[in-house]
Enquirer: 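First the structure, which I've put down as structure tokens, then a few questions once you've had a look.
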Amino acid sequence: MKARVHITLKNGVLDPQGRAIANALHSLGFDKVGDVRQGKFIEIDLKESDKAKAKSEVDQMCAKLLANTVIENYSVDLVE
Amino acid sequence: MKARVHITLKNGVLDPQGRAIANALHSLGFDKVGDVRQGKFIEIDLKESDKAKAKSEVDQMCAKLLANTVIENYSVDLVE
Amino acid sequence: MSAVAAKITPNTIAEHGLTSEEYDLILEIMGREPSMTELGIFSVMWSEHCSYKSSRVHLKKLPTKAPWVIQGPGENAGVIDIGDGQAAIFKMESHNHPSFIEPYQGAATGVGGIMRDVFTMGARPIANLNALRFGAPDDPKTKHLVSGVVAGIGGYGNCMGVPTVGGEVNFHPSYNGNILVNAMTVGLADTDKIFYSAAAGLGNPVIYVGAKTGRDGIHGATMASAEFNEDSEEKRPTVQVGDPFTEKLLLEACLELMATDAIVAIQDMGAAGLTSSSVEMSSKGGLGLELDLDKVPVRETGMTAYEIMLSESQERMLMVLKPQAMAQARAIFEKWELDFAEIGVLTDTGHLVLKKNGKVEADMPVAPLVDKAPVYQRPWVPTPPQPVITANQVPAPQDLMAVLKQLVAAPDLASKRWVWEQYDHLVMGHTVQRPGGDAAVVLIPAGKGGAVGKKALAMSSDCTPRYCQADPKTGGAQAVAESWRNLTAVGARPLAVTDNMNFGNPQRPEIMGQFALAIEGMAEACIALDYPVVSGNVSLYNETNGKGILPTPTIGGVGVIADVTKSPKVAFKSAGDSIYLIGETAGWLGCSVFLREIHGREEGAPPPVDLAAERRNGDFVRNLIERGLITACHDVSDGGTLVALAEMAMASGIGADLLARPKESPDHAFWFGEDQARYVLTVRQADVAVLELQAKEIGIAFRYLGKTGGTDLTLAGAGAISVSELKSAHEAFFPKLMGASK
Amino acid sequence: MKSAIVVFPGSNREKDAEAALTEITGTPPVMVWHRDTELPKVDLVLVPGGFSYGDYLRCGAIAAHSPILREVKARADQGMAVLGICNGFQIITEAGLLPGVLQQNAGLKFVCRNVNLRVETSQSLFTSRYEKGQVLSIPVAHHEGNYYADEKTLDELESRDQVAFRYCAPDGSLDPSHNPNGSQRAIAGVFNRTKNVLGLMPHPENAIRELLGSTDGRGLFKAMAEALAA
Ligand SMILES: Nc1ncnc2c1ncn2[C@@H]1O[C@H](COP(=O)(O)OP(=O)(O)O)[C@@H](O)[C@H]1O
Ligand SMILES: [Mg+2]
């Protein structure tokens, strides 16, 4: 099983990197670009075939290590 | 319209971050974790309602700025 | 590589960058058709990058010996004796092509590679420098390349915990399609603990340590030896990704192992990876080597012998260990969580034998692979001499101070703060002279583990490519002289240099002429200044669509300072000091920054280099410094005397009152001419007499320029400009180019 | 005073810190390897700067989960002094010893330069040798020093005198152009509630010799040595 984890900044937390990307896109002439937010995307190979178990494991990984919940949210998708 | 862009390292390109994460997860006792790869996840607000146009714009953004196609792949999803 | 199973055709030979004559030589050496793996090995070993086939005959002319040289060119890095049982180990290397394709990773892995060259010899790296040349500031690619390269150099060096203390940054349209990224590392070791690469001891195990091998940068060495054309940007060969964290572990593990008695020979895997490291070890030791490629730690499945041998994965080393030390060595690498694999053994066959899955993939004699590597006497023609430009052929400016302001803001003279603030230049806690001075100065221990005292190393990287273009021989000599002068200006005794020869396509006689003549000039200067070359690197084919770069022989110099408390800085120290110009001023405007920036003219013969005057003036200045008489010192280079004075003022915030120029020399020639062998320095009022007397006694040309003080730079008859106004102009260029982000 | 420095794979200012502690407190620190599970009996643990675990994932995140950090945390809870510098600040913050997080610099670039630091309180074992309001010149060298906490936490930090240092202009005034990384309220260093834990981004260990640019960092080491003298 593969877990796809998205880690994004919480609303209200400033994202200087996202803003820099937006500026760079504007200066390249992409003027339809509005807000840009940058996050992380982590793919994890898991030796676990039980979906529920896998989900709960990966949730724990996120809470413990992968995300800093002071400023970040996470979401987990599982793919076979 | 919102574009969700995933930027990932090409196969075979060294991913020191992913490896470090895998090691850290192992030492936290998550021993079912296999390979881990880390990528970027970028959300872009777009003032564009035509899906085809939006797609082609974002593809260009990826090729020009967001991804380094020497070592990275990108994929684009559009959400209304 | 799909070609692996295929038969060797003229096409495969060409794809490997080999000529048909070279292939015939391979057939002769092998006595049979080579396997694809063997062909791959020949191709990288005989690439320009590894074999120096076009440059070798010329490089021989460089002086490489001095009583203090412990190891000259030919090892991973040069080694010099700096007294107290200590050695400085250093080298410079280019990563030009990879940095153009992937600026961050290209520059980062360049830094990683040069640091490995230095610590593989037993030295702890204590300083990094980087010499960068980019295209025109307004070229559409420049900004992206600058930001990626600088971030990559910082990203790797900072993580390694080695301070990046100096370098240079220039812009010129000739680098639009071929930027130069030259990285230099200086390390420190005990003279009795230096490690070499010659294998020894029949039956001794061959050990692979560090990161795993992937399919990175296969054919990087041949790429570095091929000219760019329009579609190489499209081809996008795999570039390596650096992992500075692993390299930091590798550094610590290697140094820990080196403190024991386990290592017989050690060689890093740089360009051409396992191939060049194993061939080098065995050829230097005169022994054969048998490797079992199944034992090589790999990161990907299904790697062929060809791929394993040609991979340029980073952060790897090859060692020969004493058999009885294996367990201890393994424990050290396990502690640092690095791979440690016994992959082979030293044999008496003189052959490199590679096995995979029980099958012999290569079996080739090492000696001819190295000794018979092609050497080319490429035809060359000298650069036609440029006319001497006299001051009256150049219009004099109305307002000298406005010109000065324009010059200190010009791309090549502007502050590089934007660059070096992204480099950790303080880690290790020994940086005395930070970036922004003439040479960087780094404290070192008194010797044999003693406490850090007053002893320091000074280092600098220098080259003035526009001089080299106009007159390669003078330019080559000038680069060496300027490097020597920069070290002298901080009170160091210059000891030796490393070089990085960046040129265009050597198959063009004009380019080969630039190369040959630059070497001649360098050799003359190195001999005259007792400043031998102990290591270096050649980067050819820096050319896009037949247009070469300005010839750029970068010189990295290292010197030693006995008492760092006497080392002056560029900044004026206090108000009321007397300012002197040391050295003869004819007012040479040909090839000057003034001529280019103010009049848009890139022409004329460069300033002549008088090596005897260079030495005389430098020795004089150093002597005054050692006696504690100099309060501030700066060599005069790009932009001339007034720019040098402005730099001293801007560094301190203290202004100066300057006398008018001598009558016989027009303003612009006197103040902006780029005559060589000159210094601006300051002394306390009380020491004026000593300086003048001494200068007269030994016949040193000097001129009293005025006094420090106030907050303006005031020039009699020409008006004044505030130091803060100059400084804002000087600091503006980079932030503006790179976007306002602070 | 007895001290220890925790060394992670990737630490790179542990020797700088060792030299400063040795020179100023008179006693060399014990170097503790990250895999060790026990701390020696010491009065202070210093978590040094560098790139622990390559700063991969997030600065300090992986180190914060190492066994030795569990031990550091337990001892800190019992009152032992802990000083986290730069990466050390990131690590102990990730480990929950201090509130907030250190985000990427607002300028998105690594920044190495001397900054002006205003001492916000002399009421701590780390800062007693400084005057409140005193301006120090101390270098920073980091890519992720942008201190962030929510408004409530920031107010709390201020009301409890937990802000140790702020970035300021040479005259001590707060001026965004002198904030090297965009930190909220220009915060450069914070204490825990009981003030036995300090995290700061700048490097006092690189400001102990005039020859090297500044001696303003010495006061911090002197204060600790005095407060923690046996
Ligand atoms: N890429 C760089 N990295 C670090 N320091 C740099 C870099 N470029 C320039 N510098 C520093 O800026 C100062 C001025 O550089 P430069 O004008 O080339 O000096 P000089 O003319 O004395 O050789 C030097 O101290 C140099 O080390
Ligand atoms: Mg200079």
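Just the heavy atoms: all of them, side chains too, but no hydrogens, waters or symmetry mates, feed the values below. Protein chains get the first letters and strands the later ones, always in sequence-line order, with residue 1 at the start of each. Bear in mind that the values here come from a model prediction, so they are computed numbers and not experimental data.
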Enquirer: Quick one: of A:Leu14, A:Val70, A:Val13, A:Ile7, who has the most non-hydrogen atom pairs under 4.5 Å with chain D?
Expert: A:Val13
Enquirer: What part of A:Ile42 gets closer than 4.5 Å to chain D, counting heavy atoms only: side chain, backbone, both or neither?
Expert: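 For A:Ile42, the side chain is the part near chain D, not the backbone.
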Enquirer: Can you check whether chain D and chain A share any donor-acceptor pairs under 3.5 Å, and give the atom names and distances if they do?
Expert:
| residue | atom | partner | partner atom | Å |
| --- | --- | --- | --- | --- |
| A:Gln17 | OE1 | D:Gln104 | NE2 | 2.8 |
| A:Lys40 | NZ | D:Leu57 | O | 2.9 |
| A:Lys64 | O | D:His65 | NE2 | 2.7 |
| A:Leu65 | O | D:Arg58 | NH1 | 3.2 |
| A:Leu65 | O | D:Arg58 | NH2 | 3.0 |
| A:Leu66 | O | D:Arg58 | NH1 | 2.8 |
| A:Asn68 | ND2 | D:Glu94 | OE2 | 3.1 |

Enquirer: Could you look at A:Leu65 and say if it's the side chain, the backbone, both or neither that has a heavy atom under 4.5 Å from chain D?
Expert: both
Enquirer: Can you see which heavy atom on D:Ala106 is nearest to which on A:Pro16, and at what distance?
Expert: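 Shortest heavy-atom separation between D:Ala106 and A:Pro16 comes out as O-CB, 3.9 Å.
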